[in-house]
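To find a chain, count down the sequence lines: A is the first, B the second, and so on, and within it residues start at 1.
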Number of protein chains: 2
Amino acid sequence: MLDAGADLFRRQGYEGTALKEIVGEGGAPWGSLYHFFPGGKQELGVAALRRSGERYRRLIELVFEGAEDPSTALRQFFSLSAQALEGSDYADGCPVATVALETANTTDALRQVCAEVFESWLATLARFLSEAGIEAGVAYPLALFGLSTFEGAITLSRTIRSTEPLTASGEIVASVVDAALREVPEEST
Amino acid sequence: MLDAGADLFRRQGYEGTALKEIVGEGGAPWGSLYHFFPGGKQELGVAALRRSGERYRRLIELVFEGAEDPSTALRQFFSLSAQALEGSDYADGCPVATVALETANTTDALRQVCAEVFESWLATLARFLSEAGIEAGVAYPLALFGLSTFEGAITLSRTIRSTEPLTASGEIVASVVDAALREVPEEST
DNA sequence: GTCTATATCTCGATAGAC
DNA sequence: GTCTATCGAGATATAGAC
């Protein structure tokens with residue numbers, strides 16, 4: 001049920017998704033919805049976002065751990081997302097961005113979860129950048145920049161139905177991080 | 001009425017905004033809504049997005065025309081948006097991004113307008129980059145990158161309620177464009 | 001715990017007088 | 001053109017049997 005909700009929220013947003021749709025898609029019994037989520041739709045939303053946010057964070061980790069440096073990891077991540085978008089008819093974008101924008105000024109509980117998720121991704125990104133030798137004061141702004149570009153590129157790609165924003169942005173982000181890495185003194189690698 | 005609609009769509013999205021709210025806020029007569037927009041909410045949405053999208057495009061033009069080069073224009077634009085966000089309790093972000101994500105896979109008429117708006121901004125950006133001497137094949141991907149980063153930074157800033165994503169990203173985008181400008185042969189300026 | 005039925009509300013859209 | 005009243009659909013949430 002959480003997975004079905006997360007998937008629908010990502011595609012059509014929070015307001016655009018009906019509870020019946022979630023229980024229908026998830027094959028879960030309608031009667032048990034308010035047993036597990038006494039807080040109703042909002043509580044389900046919070047739980048679904050937390051779950052998909054953490055899953056996405058682990059995906060980031062996986063890509064960075066498998067790559068030789070953060071720059072190639074980013075290039076791969078952008079390219080991977082472009083593939084995922086194209087293969088899903090431009091539906092599988094960021095699991096929280098749509099809800100984040102919808103609720104930034106309306107439903108604070110949901111906005112807060114989205115903020116927590118974004119910050120967990122930022123912390124993960126900054127950690128990998130730091131571990132590659134980039135100094136702490138630079139790593140966090142660089143993570144902010146990288147995630148910003150990624151989120152915006154997904155927004156553009158979904159809207160104009162082309163992977164071009166993701167691929168073009170991915171190249172430049174990777175090159176920016178690459179330049180930062182080249183400023184790292186040799187001993188620290 | 002169009003302005004009231006555009007404002008509400010930007011803050012709380014398309015699905016999250018009721019028609020009554022729009023006519024209420026706009027002080028317009030309810031009876032005339034379906035006279036001017038026989039297509040109902042969707043037609044009003046299309047018109048509102050087109051209008052605010054074009055207004056925003058002219059704002060971009062204004063900033064670029066007033067700045068000495070595209071790099072400083074971008075820095076100013078990010079900084080201006082950060083101010084606008086902070087001054088509006090993080091409500092006045094991008095006028096189309098929220099609706100774009102909501103409708104990318106649900107309501108194609110709205111998605112298409114958002115795509116048109118984004119593309120008009122991209123064309124404007126690419127034109128200014130070209131006019132500054134950056135070759136055509138580079139200007140468009142650079143515009144894609146710049147707009148992507150901007151859109152994502154707004155998303156992050158609104159969600160975590162901090163201007164940090166915008167300021168950090170603005171600096172880096174400006175420096176990337178600055179580097180591209182330095183590759184321009186002197187004669188072409 | 002889960003089901004069915006339903007209460008209550010709000011939405012978008014329409015009808016018809018003026 | 002604009003107003004008032006209202007329709008019908010679909011939403012969230014609840015009640016009460018099992």
From [atom1] of [X] over to [atom2] of [N], roughly how many Å is that when rounded to an integer?
X: B:Phe37; N: C:dA13; atom1: CZ; atom2: P; result: 13 Å
X: B:His35; N: C:dC18; atom1: NE2; atom2: C1'; result: 15 Å
X: B:Tyr34; N: C:dG12; atom1: OH; atom2: P; result: 7 Å
X: A:Trp30; N: C:dT2; atom1: CH2; atom2: P; result: 15 Å
X: B:Glu15; N: C:dC11; atom1: CD; atom2: C1'; result: 11 Å
X: B:Lys41; N: D:dA9; atom1: NZ; atom2: P; result: 19 Å
X: B:Phe36; N: C:dG12; atom1: CZ; atom2: P; result: 19 Å
X: B:Ile22; N: C:dA13; atom1: CD1; atom2: C1'; result: 14 Å

Run the salt-bridge test on B:Arg58 and B:Glu61 with the 4.0 Å N-O cut-off and return the result as yes or no.
no
Under-4.0 Å salt bridge between B:Glu131 and B:Arg127
yes
When A:Tyr14 and A:Gly31 are each assigned the nearest nucleotide of DNA chain D, the 5'-most assignment goes to A:Tyr14
On the 0 to 90° scale, with breaks at 30° and 60°, tag the A:Tyr56-A:Phe150 ring pair as parallel, tilted or perpendicular.
tilted
Residue whose nearest DNA chain C nucleotide is more 5′ - A:Lys20 or A:Ala28:
A:Ala28
Positive for side-chain contact (heavy atoms from CB on, under 4.5 Å) with A:Leu125, one of A:Leu147, A:Leu142, A:Leu144:
A:Leu147
